[in-house]
S.K.: 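Here it is: the structure, laid out below.
Throughout, residue positions are numbered sequentially from 1 according to the sequence presented. Remember, it's a predicted structure, so these values are computed and weren't measured experimentally. As a basis for the values below, the full set of heavy atoms in this structure was taken, side chains included, without hydrogen atoms, waters or symmetry mates.
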Amino acid sequence: MSDIYSTLPQHIYGGLITILLRLVFLLYAEDRGLMYQDAVYTRYYSVSGLYERLREDAGNYPDTIDLLQKSLRKI
């Protein structure tokens, strides 16, 4: 990863900005009710559904979530 970053930092930056803007668009559209209201979409594809599943996992497996957070902080 560091090799890619050192040779193509603008490429990585552009990709990160693209992902961030897509997330902002999805959050806005979901908040305004512009996305599908189907239960399958809400549970498995929406950003809010992902958040709820992460909260459930944190409650069911608190030690795993703590390990994940510690690992991400090292990056």
S.K.: State the CG-OG1 distance between L23 and T18, to the nearest 0.5 angstrom.
M.R.: 11.0 Å

S.K.: In terms of heavy-atom contacts, does OH of Y41 have more than 12 from other residues, nucleotides or ligands at under 6.0 Å?
M.R.: yes

S.K.: Quick one: side chain to side chain donor-acceptor pair (under 3.5 Å) partners of Y36, sequence neighbours excluded?
M.R.: none

S.K.: Would you kindly confirm whether L50 and Y28 end up in one hydrophobic cluster when ILVMFWY residues are joined by side chain heavy atoms under 4.5 Å apart?
M.R.: no

S.K.: Write down the atom of M35, the atom of Q37, and the distance for their closest heavy-atom approach.
M.R.: O-NE2, 3.1 Å

S.K.: Are L34 and L27 connected in a single hydrophobic cluster, I mean Ile/Leu/Val/Met/Phe/Trp/Tyr linked by side-chain heavy atoms less than 4.5 Å apart?
M.R.: no

S.K.: With a 4.5 Å cut-off on side-chain heavy-atom distances among I, L, V, M, F, W and Y, is there a chain of contacts connecting I19 to L26?
M.R.: yes

S.K.: Verify the cluster assignment for V24 and Y51: are they in a single hydrophobic cluster under the rule of side-chain heavy atoms below 4.5 Å apart?
M.R.: no

S.K.: T42: which residues meet the side chain to side chain donor-acceptor pair (under 3.5 Å) condition with it, sequence neighbours left out?
M.R.: none

S.K.: Taking side chain as C-beta onward, heavy atoms only, is F25 less than 4.5 Å from R22?
M.R.: no

S.K.: Quick check: closest heavy atoms across Y44 and R53, and the distance to 0.1 Å?
M.R.: O-NH2, 3.6 Å

S.K.: In terms of hydrophobic clustering (I, L, V, M, F, W, Y; side-chain heavy atoms under 4.5 Å; direct or indirect links), are Y45 and L54 co-clustered?
M.R.: no

